[in-house]
Amino acid sequence: MNTQVKTAASSSPVPDYIRASKGIWSWLTTTDHKRIGLMYFVVMISLFVAAMGMAVTFRLELFSPGEQLFESDIYNRLLTLHGVVMIFLFIIPGIPAVFGNFFLPIMIGAKDVVFPRLNLLSWYCFVVGALIALFSVTLGGIDTGWTFYVPYSQKTDLNVLVPILAAFIIGWSSILTGINFIATTHRMRVKGMGFFDMPLFVWSLYATGWIQILATPVVGITLLLLVFEKFVGVAIFDPAAGGDPILFEHLFWIYSHPAVYVMILPAMGVVSEIIPTFARRTIFGYKTIAYSSIAIAGIGSLVWAHHMFTSGMVDEARIVFSFLTFFVAVPSGVKVFNWLATLYKGSIELRSPMMWCLMFIFLFSIGGLTGLFNASLSIDIHLHDTSWVPAHFHYTIFGGAVVILFAACHYWWPKIFGRMVNERIAIGTCIGFFIGFNLTYMPLFFAGTAGMPRRYADYLPEYTIYHRLSTIGAVILATSILIMIINLVRSISKGKIAPANPWQGATLEWTVPSPPPTLNFTGEPDTSRGAYEYPVEVSDG
Amino acid sequence: MNSGVSEIAREVDHAFLLVGIATGLMLLGITVVMVWFVIKYSRKKSKRVVNIEGHRLLEITWIVIPTIIVTWMFFVAYEGFGMMRQPPDDAMIVQVTGRQWAWEFAYPEEKITASEMVVPVNRAVKALITAPVDDVLHSFYLPDFRVKEDAVPGRETYLWFKAEREGEFNIFCAEYCGKDHAKMRSTLRVVSNDAYRAWVKGQIAKRYKPLEFSGFENPKHPAFGKEDLNIDSTKLFGTYCASCHGEAGDGSGLPGEARNFQSDKDWKNGTRVSDIFKTLIDGIEDTQMRSFPNLTPWERVALAHYVRAFQTGALQHDTQESYDALIKEFELDKITGPGETISVERAMEILSEEAAAEQARDAEATPK
């Protein structure tokens, strides 16, 4: 079967999706899931580089106590912009918007998603929402931090309404993508592929879709309440009028906590693809991993108030939310154990995607395990809103979701662009990233336990050493990432021509040409091989 | 980190240590297994794979054991939380108010407010935390005591601690509150009981501290200590009186008509401070002495005092009683002006308390 596919790929008369039609208009009106995925990628990675630049800038300001480069209001705006762009415009769309769009249909043997035009509409929602968000923060003087807590946010030049409107429009993009993926998974699977034959990446996108559909409407509810308060004069959040600011915190986190799993679940799906491919053996505990995605989506929706242990919320609620939070750690832990077990008796090749994945396991374990401190009531009372928290969530979100986004880039780049990435530079940047990352965020754990509050434009001299190390780390980190991106972009024109299946992967995307043609499959999808079916004898080196 | 500065801090650090050991071991385990497998099953050494699809018992084990561990963690941390939320009944109350961008500490029993927090050592302190309704969220954070609670506008939250050691500790705002969030800091000073009492007294005295006003040679009355009484009586006299009465008060500006203040004879309304005060209000009929309604009452007091000073030895006769009479007659103690006001009774109470304490100290010191 394998040989048959290879010949089909090399002698394919069908043009690939990139060369299928020309001109910017052909991209802006495309309904091809692969092109839409790429369009997301271009917007997101540009915003990512910008937001990374902001982070490096304010880290340089934090190199010494006092105000050197700029004053606190500039710092506060940079911090807010960094958070808003990274969270709402980069990581929440993240892996699903780029790699989900590109690979979900191919992995289940479909020609496209079930609603291709809706898919394009999602992209436009995203772009419009992104523009409004950028406008509100840059020109509207929003300096609230990405959490937009009232009553402060209601007092800013531009009322909190506008950024929440942006979140709402971006939310539509999320909801539509979620609906599209769920419907596609249910309706478009190739004949003979049951739910438990699907690649685990598809499972994780499916679970993510449900979170997007169920949690995102809360943004709309919040927006509606803010409109009522502002224009009808009903007191909802504003304490001066008799409203309750803690209600806003609840609504914010009812959406934003599940959003954390929107970020990390697809990443876990990608790990479940990459590890078997480079260990050349079947995934350990397929069903456990699939179910744990669903468990994370379920339990993860019931833990939002663990962001509020010091908010003034009643003690009983704090106890319940602490208790529930601990259990969301279990399915995440189970996944890690299953991935480790997948290495057992495999034949492991340390190529760059695998390096990123192994680094993910280490960084994400630190992120997850430090989360247990935050789940612990008494410890969190101390650590809440200290630099421990940014350290913790950068380990999970950056060290987790973003590291895997980079892994996915290196893994699927040959498929997307038909060219191989320079492997030596890729591994070099991966190591540089690892050093820079730990140097940036590890000191913040220590600063946090020593009581350094987060979102401080200035700090007491006793915290200088932590900030110095972190700033040096940030420079190394950003440099590595920039080199990595240059290496990736360069390979699009300079890289070696990629074969259809450079990694000997077993999932369906490796059976189609690189890059794939517009309708993905030149013939019937070849389902003779299971998603994790590998021969016992390893054939090549 | 000042470990062990309170029982709660020790409890939190203990929980931190236990969770730290457990998670540290897990991280170590994961990393060691990962590195070991990556080396042992590298492509170079391992050319045959075993496609193990799962192992039910193993998977149940690594679901059940982590569940037990996290449940244990919940209870480990719950202990300290229970402690944090149950302040002793006899805890001393301090009202903490966060506003952009400063902390204010009010001591309801002592009726004082301060911008730093001072508490006695070994005494439970319950902080009642709030923010004004038109302000924003803040968070009252005592890192050394491992406690923190948000200041929510229009709502009262609390935390408590009992410092077991004297010292100075940081107070931070931990909830982002705008431009100067990072500068919203204060200090918690934990001091001995005696030092605390001295501080409270100092705060009261500072609030009511008599400020001498210039031109008053010998202020006799604590009520003069009102802050808005910083009146330049020499200047006042120069403006309103000297043209007739002369700089020296000898009446040389309008000879024959203006009163010579140096003489104590034939004063139409009398020579007591209250008499002069009355003259300044009413003037003297059928003379050039007019009334001065534009002067504030306290400016009149200042002038009366100044005029008295021209008579040799007169100030020695102006006792507290004579000013009391003045204050009582014209109800000066009911005037509310700018700045802090305080009833004369309260001010005298404080002064006499202090005087009594001083006498007691002197009495103690003398026998030796």
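So that the names make sense, note that chain A is the first sequence line, chain B the second, and so on, each numbered from 1.
- Neither the backbone nor the side chain of E533(A) comes within contact range of chain B; no heavy atom of the residue lies under 4.5 Å from a heavy atom of that chain.
- In this structure, chain A has no heavy atom under 4.5 Å from any part of E156(B).
- Between the side chain of R281(A) and the backbone N or O of I52(B), at least one donor-acceptor pair lies under 3.5 Å.
- Atom NE2 in H55(B) sits 7.0 Å away from atom CZ in F284(A) (nearest 0.5 Å).
- Of the possible donor and acceptor atoms, one in the side chain of R43(B) sits under 3.5 Å from a partner among the backbone N and O of S347(A).
- No side-chain heavy atom of R146(B) sits under 4.5 Å from any side-chain heavy atom of I379(A).
- Few gaps surround CD on Q100(B); more than 12 heavy atoms of other groups in view lie less than 6.0 Å from it.
- Heavy-atom distances place no part of A241(A) under 4.5 Å from chain B, backbone and side chain included.
- A side-chain donor-acceptor contact under 3.5 Å links H382(A) and Y141(B).
- The contact between M34(B) and chain A is made by backbone and side chain atoms together, counting heavy-atom distances below 4.5 Å.
- For L383(A), the parts lying near chain B are the backbone and the side chain together; criterion is any non-hydrogen pair under 4.5 Å.
- Each ring-ring contact (aromatic ring centres under 6.0 Å, His included) pair with one or both residues in residues 104-128 of chain B, not counting sequence neighbours, appears once here: Y107(B)-W199(B).
- Proximity to chain A involves both the backbone and the side chain of R48(B), based on heavy atoms less than 4.5 angstrom apart.
- Across V12(B), I8(B), V133(B), I69(B), the residue that shares the most heavy-atom pairs under 4.5 angstrom with chain A is V133(B).
- Of the candidates N76(A), T144(A), D385(A), T147(A), Y176(B) forms a side chain to side chain donor-acceptor pair (under 3.5 Å) with just one, namely N76(A).
- In this structure H307(A) satisfies the ring pair (Phe, Tyr, Trp, His ring centres under 6.0 Å) test together with W253(A), H257(A), sequence neighbours excluded.
- With a 4.5 angstrom heavy-atom cutoff, Y75(A) does not touch chain B via any of its atoms.
- Using a 4.5 Å cut-off between heavy atoms, T31(B) contacts chain A through its side chain alone, with no backbone atom that close.
- Both the backbone and the side chain of I366(A) come within less than 4.5 Å of a heavy atom of chain B.
- For chain B, the nearby parts of V536(A) are the backbone and the side chain; heavy atoms of each come within less than 4.5 Å.
- With chain B as partner, the option from V334(A), L340(A), D73(A) having the largest number of non-hydrogen pairs under 4.5 angstrom is L340(A).
- A donor atom on one side chain and an acceptor atom on the other are not found under 3.5 Å apart for S311(A) and D150(B).
- Side-chain contact between Y456(A) and F172(B) is present, with heavy atoms from C-beta onward closer than 4.5 Å.
- Neither the backbone nor the side chain of R56(B) comes within contact range of chain A; no heavy atom of the residue lies under 4.5 Å from a heavy atom of that chain.
- Heavy-atom distances place no part of F140(B) under 4.5 Å from chain A, backbone and side chain included.
- Contacts between I283(A) and chain B at a heavy-atom distance below 4.5 Å involve the backbone alone (N, CA, C, O).
- Only the backbone of D135(B) has a heavy atom closer than 4.5 Å to any heavy atom of chain A.
- With a 4.5 angstrom heavy-atom cutoff, V152(B) touches chain A only via side-chain atoms.
- Contacts of K44(B) with chain A are absent, with no heavy-atom separation under 4.5 Å from either backbone or side chain.
- With a threshold of 4.5 angstrom between heavy atoms, T23(B) approaches chain A through its backbone and through its side chain.
- No part of P276(A) comes within reach of chain B, as not one of its non-hydrogen atoms sits under 4.5 angstrom from that chain.
- With a threshold of 4.5 angstrom between heavy atoms, R454(A) approaches chain B through N, CA, C or O but not through any side-chain atom.
- In this structure, the side chain of N51(B) does not engage the main chain of P535(A) through any donor-acceptor pair within 3.5 Å.
- One finds no salt bridge joining K179(B) and D143(A) here, because no Lys/Arg side-chain nitrogen approaches an Asp/Glu carboxylate oxygen to under 4.0 Å.
- If you measure heavy-atom distances from L58(B) to chain A, the contacts under 4.5 Å come from the side chain alone.
- Contact annotation for E149(B): both backbone and side-chain heavy atoms come within less than 4.5 Å of a heavy atom of chain A.
- Using a distance-only test at 3.5 Å, with no hydrogens or angles considered, a donor-acceptor pair links the side chain of S378(A) to the main chain of A77(B).
- Salt-bridge check for K287(A) with E53(B): failed, with every basic side-chain N at 4.0 Å or more from each acidic carboxylate O.
- Considering only heavy atoms from C-beta on, F74(B) comes within 4.5 Å of S322(A) through its side chain.
- Here the side chain of K148(B) pairs a donor or acceptor atom with the backbone of H384(A) at under 3.5 angstrom.
- If you measure heavy-atom distances from M83(B) to chain A, you find no contacts under 4.5 Å at all.
- Interface remark: N338(A) contributes backbone and side-chain atoms alike to the contact with chain B (heavy atom separation under 4.5 Å).
- For Y149(A), the part sitting under 4.5 Å from any heavy atom of chain B is the side chain, from C-beta outward, and nothing else.
- A donor-acceptor contact shorter than 3.5 Å is absent between the side chain of D458(A) and the backbone of A182(B).
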